[in-house]
Each structure stands twice: as C-alpha cells, then as structure tokens.
Amino acid sequence: MSTANLSVLSIDGLLERLESRSKLHAGYPYNLAFDSHRVLPLLKYTLNNLGDAYVEGNYGINTKDFEREIISFFADIYHLEKDDAWGYVTSCGTEGNLYGILMGRELYPDAILYGSADCHYSVVKAARMFRIPFVEIKSQIHGEIDYSSLYEALDKNRHKPAIINVNVGTTITGAVDDISKVVAILSELNITQFHIHVDGALGGMLIPYMEEATPLDFSRYPIGSIAVSGHKFIGSPVPCGIVLARKEKVQSFDIEYLGSTDTTITGSRNGLTPVILWDAIEQRKHLFKEEVLNCRKLAEYFWNKIAESRNFALINPFSTTVVFERPEKFLEKRWQLACYGKIAHIVVMQNHNQAILEQLLQELGVMNT
Ligand SMILES: *Cc1c(COP(=O)(O)O)cnc(C)c1O
C-alpha cells in the first residue's frame with residue numbers, strides 16, 4: 001500500500017474553495033479584482049531582493065529595478081522629490097509600520113510614541129518590539145484622533161522627542177487623522193524633535209485621488225515615513241506593501257558579505273511582489289482615481305440604504321468603509337465581515353458592484369425585492 005496519497009487535500013479542491021469564498025467577500029479591504037497573470041513566467045526563478053533596494057548587491061536574480069520604480073511612483077503621488085526618496089517593497093503594511101516607527105526611534109532613541117486608540121495593532125506591536133514608551137491618545141467617536149488630547153499629551157512631554165503615528169484610514173471606521181492639525185500642534189508647542197509616520201494601509205491609496213482631503217504631501221508637511229499595503233487597494237495575489245521615507249533620515253549599516261546595506265526589516269525580501277505591483281500600476285494608474293471615486297460612490301449608496309432602516313450607520317469622509325450594527329453570526333461568516341463588539345463593517349473595493357451590495361443589503365434585511 002502506498003502512503004503517498006494519504007492527504008485528503010488537493011490543489012483542485014483548494015481552488016474550488018477559494019473561488020467560492022472570493023464571491024461573497026465584503027469585510028476586508030482587499031481588492032480581489034486584480035489581474036497578475038503576466039507575472040506567472042517569473043515563478044520559476046528564486047527572486048530575492050536581498051538587502052537595500054538601491055544597492056545592487058551580489059545576488060543577481062532580483063527585481064530591484066522594478067522595486068525602485070514603485071518607490072518613485074509613491075514618491076510622486078506624495079510629492080517627495082525622487083532624489084530625496086528612499087523606500088522598499090515590504091511584506092505587508094505591518095512591516096512598513098514597523099520600519100517607519102523604528103526609523104523614528106533610531107533618530108530619537110528616547111522618544112515617546114503617540115497614536116490614537118484607533119491605531120492598528122501593529123503600531124502598538126512596534127512600541128512593544130522596539131521598547132518605545134507608547135502614549136495612547138483618545139479618539140473621537142468616529143475614529144479620528146482627538147486633537148485636544150494629543151495637544152495635552154504632547155504638552156506634558158514637550159521636553160521629549162515625539163514619534164507620531166498618523167492614521168490615514170483607521171482599520172475599523174476608515175477615519176483619517178488630519179496631518180495639518182498634527183503639524184500645527186507640534187509647532188504651537190515648539191517641539192522640533194519629532195518623526196511623523198503615516199499609517200496609510202488602505203487610505204494611502206485613496207487620499208491622493210480625493211480632492212477635498214488634506215493631501216499626503218511631503219513637500220508641504222514634515223512627514224518622515226509612510227506605509228501602504230499593496231494587497232489592499234492595488235491588489236495582489238500575495239500580501240505586500242511599501243514603505244516610503246525621507247532619504248536623509250534613513251540609517252544604514254553596511255554588510256560586507258551581502259555586498260549590500262542593512263536598511264530593511266527582513267534580510268531576504270520578496271522579489272515577485274515588486275513586479276506584481278509594478279505591473280498593476282502600469283496597467284491601471286490612469287484608472288486609480290476612477291476606481292477610488294467609484295468605490296466611494298458605492299459605499300455612500302450602501303450607507304444610505306443602511307441608514308434608512310437602522311439606528312446606526314457610519315461612513316467617514318475620504319473612506320469606503322461602512323460601519324453598521326453587527327448582524328447574525330451566519331451572515332458574518334457568509335460575507336466574511338470584519339466585526340468588533342457590537343459593530344461590523346464592509347469595505348467597498350473594486351470587486352464590488354451595485355448588484356453584490358444589493359444582495360448583501362437584502363440578506364441583511366435592509367432591502368426587499
Ligand atoms: C490593514 C492595516 C494595517 C496592516 O496592514 P497589513 O498589510 O495587513 O499588514 C495597518 N494599518 C491599518 C490602518 C490597516 O488597516
């Protein structure tokens with residue numbers, strides 16, 4: 001008897017499940033409508049962007065030229081001069097947050113990290129990992145940081161450098177902290193030793209295409225670093241992200257045997273994801289604005305319908321996240337909703353259309369046909 005086929009798992013079976021689970025998905029901010037088939041021929045290579053993206057290194061089977069172009073794209077949308085920009089393609093938004101916050105600590109070893117109660121857990125994790133004292137700032141009811149509480153906390157520690165995590169799209173309600181207000185507080189308090197890190201996991205790709213929003217503008221505001229997830233708005237078959245930073249503030253350490261520089265959180269780095277992102281950006285960058293506005297329009301539609309029949313429905317400006325009362329467990333699982341206590345949310349992404357949202361509204365008992 002052969003023991004080779006004891007497993008009941010199969011790739012065909014997996015494909016079937018993934019196909020069906022991708023149809024009803026509304027809770028996570030993932031664009032499931034990407035098309036990465038052009039990178040398939042690359043799967044036969046051991047792609048590894050070992051070390052710094054700007055240092056060629058000795059390992060030649062890499063995609064660092066594509067990676068640098070992605071960083072240039074982000075530098076461009078955030079108004080950071082190409083020559084002043086440094087960054088890399090990360091394994092996810094979390095790694096970008098770890099990097100940006102660590103960068104703050106390397107610049108100011110005795111800094112305090114400030115972030116709102118609505119920060120992503122990776123921000124708190126960074127504080128723990130890097131042993132940075134963390135001061136949690138109260139949030140407003142809709143999830144944006146409470147500016148007077150931030151003022152008070154900074155005032156209390158004005159003799160200490162500050163690392164500030166600014167949320168551009170909170171995980172739960174999609175709230176956007178206003179960077180111009182944060183900068184105004186720092187200047188009012190005369191705090192000059194600070195590092196502003198922007199967590200723009202999803203919102204980092206929405207804000208540049210929304211006209212009324214305070215722009216994510218490195219030329220106008222003293223932003224130090226920004227992290228964005230790649231598999232959220234842009235879309236990717238595997239998680240990835242980017243981190244962009246002001247080059248002059250980046251610390252590096254030369255590692256001789258790599259022939260490269262140790263600037264990144266991980267050593268070996270994914271060489272496929274830079275090409276996935278590059279290809280998506282090449283195909284769709286002229287459509288990003290339309291995609292953002294379309295998702296926003298559908299989110300407003302969904303929010304309106306919920307608001308008509310329920311006590312509670314929330315949509316923040318500059319967001320495609322709609323928060324509502326948590327439905328029954330069955331629907332939560334079926335639609336893969338993200339739930340927190342008494343609330344649930346959906347994030348409208350490019351793979352949604354009016355018909356699918358109507359189906360969800362019907363199942364929620366909000367719309368009858
Ligand atoms: C999703 C998210 C992250 C983490 O991104 P990953 O790519 O999942 O690691 C960080 N911050 C916010 C606000 C997020 O929504």
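Numbering of ligands and ligand atoms starts at 1, following listing order.
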What are the distances between nitrogen or oxygen atoms of ligand 1 and protein nitrogen or oxygen atoms, counting only those under 3.5 Å?
from: ligand 1; atom 1: 5 (O); to: S229; atom 2: OG; distance (Å): 3.3
from: ligand 1; atom 1: 7 (O); to: G93; atom 2: N; distance (Å): 2.7
from: ligand 1; atom 1: 7 (O); to: S229; atom 2: OG; distance (Å): 2.8
from: ligand 1; atom 1: 9 (O); to: G93; atom 2: N; distance (Å): 3.4
from: ligand 1; atom 1: 9 (O); to: T94; atom 2: N; distance (Å): 2.8
from: ligand 1; atom 1: 9 (O); to: T94; atom 2: OG1; distance (Å): 2.7
from: ligand 1; atom 1: 11 (N); to: D199; atom 2: OD1; distance (Å): 3.0
from: ligand 1; atom 1: 11 (N); to: D199; atom 2: OD2; distance (Å): 2.6
from: ligand 1; atom 1: 15 (O); to: T171; atom 2: OG1; distance (Å): 3.2
from: ligand 1; atom 1: 15 (O); to: K232; atom 2: NZ; distance (Å): 3.0

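Side chain of K82 to main chain of A75: no donor-acceptor pair is present (N/O by atom type, distance under 3.5 Å, no hydrogens or angles).
Counting heavy atoms from C-beta on, the side chains of Y78 and V228 come closer than 4.5 Å.
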Compile the donor-acceptor pairs under 3.5 Å between side chains in residues 182-190 and protein atoms, sequence neighbours left out, one pair per line.
none

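For D279, the salt bridge (Lys or Arg N to Asp or Glu O under 4.0 Å) partners two or more places apart in sequence, or in a different chain, are R38.
Side chains of S116 and N167: a donor-acceptor N/O pair is present below 3.5 angstrom, by distance only.
Contacts classified as salt bridge (charged side-chain N to carboxylate O under 4.0 Å, His left out) and involving residues 214-234 (residues at least two apart or in different chains) are given here: D217-R220.
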